[in-house]
Amino acid sequence: MAPAPWFGLKGKAARKTARQSIDALPDGLWTKCPKCNEILFNKELEKNLRVCNKCGYHYRLRASERLAITIDDGTFVEFDAHLAPANPLDFPDYDISIKKDRLKSGLEDAIVTGAGEMGDHKVVIGVADFAFRGGSMGGVVGEKIVRAMEYAIANNLPVIMFTTSGGARMQEGILSLMQMAKTAAACAKVHEAGLPYIVVFADPTTAGVHASYASLGDFIFAEPGALVGFAGARVAQQAGLIHRPDNFQTSEFQLEHGMIDRIVPRREMKSTLIKILDFCAKEDASDGV
Amino acid sequence: MASSDWNILDFEKPIMELDAQIAEIKRLTIERGEDRSADIEILEKDRDRLLNEIFTNLTAWDRVLLARHPRRPYTLDYVRVMFDDFTDLHGDRLFADDHAMVGGIATLEGRQVMWVGQQKGRNLKERQYRNFGSAKPEGYRKAMRLMHLAEKFGKPIICLVDTPAADCSVGAEERGISEAIARNLMEMSTLKTPVICVVLGEGGSGGALGIAVANKVIMLEHSIYSVIPPESCAAILWRDPTKHKEMAEALKISAKDALRLGIIDEIIPEPAGGAHRNVDLAARYVKDAILKYLDELDKLTPDELAAQRYDKFRNMGVFVDSAKKAKKKKTEE
């Protein structure tokens, strides 16, 4: 067998090549952990919820994978799958990017919303997907989040949001900035209705998403090692931010500074969410539903 | 930016030259007692024609430069001219007083109002003191504290926006800049008192929006409102920060664009050549617009004010409903 294409390479180059080789071989037998370089059998990795069994590195999950390990089998009903992005600014190449990402991800935009069951609880859930425009929030994402929250309010259901996003969708300009206000205002309605609102930061949760609906949960959890912060890495680089602590803008940094409730490993996520839902359930309404 | 004098933009130079000539003739008139009013009139006409010509052909990047003009009036310049009197109030009661975010109580034509806004500095020392108009979490929390006070005592809120962006330093991250902005967005949406926002200069992304969830949002003619600075966007999307001019066009950041996209309610015209050429007049235009909208919002009850603000932002954003489109196609066939 020929050596893997990344053989002999180090650091970033190795990671990049390894990733490329995996992309090129979707049915490959193994994967190299980008953090600890451990060679992981794909079957084992899947079994371990795409977490490295040596160092605990959490791979990004597609929205469908996240839903599969979070919502009880066969209970998920998707909302608004037919909403698709427009190009309101006639932004150069945006239409092409959308088409490409639609093919790549099989999604119309960067979030999947719907309702489903988690144990005894029926919940409204939104899961962002990094594979579509880096999970960024434009008109579709904002609208789907608000509609999901409105559904939750109308049906008296808790709301869970898994965030994975670089921020606002730059190609939709000022309209995407307004999605921050739009989703944050919807969060106010969820709180006014007395419903639980739980947010989970997955890698990455930054910028316009971190500074809007993501930071407004009653409970905020994060996966270990996720990039979480206000200024996106490249924006910070543009702003000349040089001196930063090693764990800057990670889940661990956010925990240390009091911005999140807990870091929850993927394997414990569903049980933790159910515990919180149990806690929030009103005594008189906890008769099975 | 400008090459020799950084206080003058390149496209302003011919205007400044004419201005200088006019000033020189006026000086001579006084010194020598000659009547040269005809010459002055001709030159002034030339200058006004030139101003008009230059300002009707501004590129998007020219507008960015105007919005960031070092001589552009800043928030406190408007505050001093617009209000009968004002008292600035300080601190977020949690950590510090942010000098990039100013605010307080004021009287506007006899009406009591609360005002908040980002403040930039005029010289190097002031710029550092004001952190270049980039507020930290404590700034957003101070603004929200003042807005809640206004709500408690039934006073309208005037938000004056002029910031390149929120502060993104390590300290700002440590104290939760995202949380502070997110909370402002959420809590501003529920305020049961009139909120009017004026974008005076730079409407920089989340940093601007953090005090801009208002019943009425208006922009000065040469201000900008953008999701990201064009330089950063060019660096990220096109991996080429030198394409900032093209990106400024693509991002549609002018007041006209914002009005067309339904983001703002009105554009306030600026004096010829920009607000910095006549601060008093610019401030009067802003004041007139604020008074007009205060009268309009007076007609709404506290609940209606919150509802109007919610609906305004609820309806922003563009998307395609492919299911509806397909249905429509079918019926058309």
Side-chain angles (χ1 to χ4, degrees), chain A residues 82-86 88-89 91-92 108-109 138-140 142-143 146 168-189 191-192 207-208 210-216 229-232 234-239 241 243-245 248-249 253 257-259, chain B residues 165-166 168-170 172-190 203 205-206 208-210 212-213 225-229 231-233 235-237 241 246 250-253 257-258 261-263 309-310 313-326:
Chain A
H82 51 278
L83 294 193
L89 306 188
F91 197 92
E108 291 290 337
D109 210 309
V140 174
E143 181 70 17
V146 173
R169 178 86 44 92
M170 291 173 285
Q171 294 93 335
E172 292 183 25
I174 191 72
L175 285 162
S176 70
L177 184 72
M178 296 304 144
Q179 304 310 305
M180 293 173 65
K182 176 171 166 169
T183 54
C187 292
K189 298 273 179 201
H191 291 307
E192 268 171 29
H210 190 226
S212 63
Y213 76 97
S215 283
L216 296 169
F230 177 65
R234 272 184 282 181
V235 171
Q237 195 184 1
Q238 275 284 299
L241 198 59
H243 304 290
R244 26 183 162 176
F248 189 54
Q249 291 188 330
F253 175 91
H257 293 286
M259 295 302 151
Chain B
C168 64
S169 64
V170 173
E173 291 277 3
E174 285 172 341
R175 297 191 294 281
I177 183 68
S178 289
E179 194 275 347
I181 290 174
R183 185 160 299 280
N184 278 25
L185 302 180
M186 180 168 79
E187 293 185 358
M188 281 188 84
S189 79
T190 68
S205 192
L209 189 62
V213 184
Y225 204 172
S226 181
V227 67
I228 181 170
E231 300 95 318
S232 308
C233 198
I236 294 170
L237 271 188
E246 292 87 333
L251 278 171
K252 308 274 193 298
I253 59 184
D257 293 319
L261 293 167
I263 301 301
R309 204 178 311 113
Y310 181 83
F313 287 88
R314 167 70 185 85
N315 293 324
M316 284 184 193
V318 178
F319 51 86
V320 183
D321 195 330
S322 52
K324 270 188 194 155
K325 213 166 126 193

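Keep in mind that this is a model prediction, so the values were computed, not measured. Just so it is clear: chains get the letters A, B, ... in the order the sequence lines come, proteins before strands, and each one is counted from 1. Values below: all heavy atoms of this structure, side chains included; hydrogens, waters and symmetry mates excluded.
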Contact part of [X] toward chain A, heavy-atom cut-off under 4.5 Å: side chain, backbone, both or neither?
X	result
B:Ser226	backbone
B:Ile263	side chain
B:Leu209	side chain
B:Arg175	backbone

Check your understanding: With sequence neighbours excluded, what pairs up with B:Lys252 under the salt bridge (charged side-chain N to carboxylate O under 4.0 Å, His left out) test?
Key -> none
Point to revise | Under the side-chain contact (heavy atoms from CB on, under 4.5 Å) test, residues paired with A:Ala211 that sit two or more places apart | key: A:Met180, A:Phe230, B:Ser178, B:Ile181
Looking only at non-hydrogen atoms, find the nearest pair between [X] and [Y] and report the distance.
X	Y	answer
A:Ala188	B:Thr190	CB-CG2, 3.6 Å
A:Ser176	B:Val227	OG-CG2, 3.6 Å
B:Phe313	A:Ala181	CD2-CB, 3.6 Å
B:Arg314	A:Val146	NE-CG1, 3.2 Å
B:Gly317	A:Gln179	CA-NE2, 3.3 Å

Review point. Are the side chain of B:Glu173 and the backbone of A:Ala231 linked by a donor-acceptor contact shorter than 3.5 Å?
Key: yes
Practice item. Give a yes or no on whether the backbone of A:Phe253 and the side-chain of B:Glu174 come within a donor-acceptor separation of less than 3.5 Å. Key: no
Check your understanding: Can you check whether B:Tyr225 reaches A:Met178 side chain to side chain, under 4.5 Å on heavy atoms?
Key -> yes
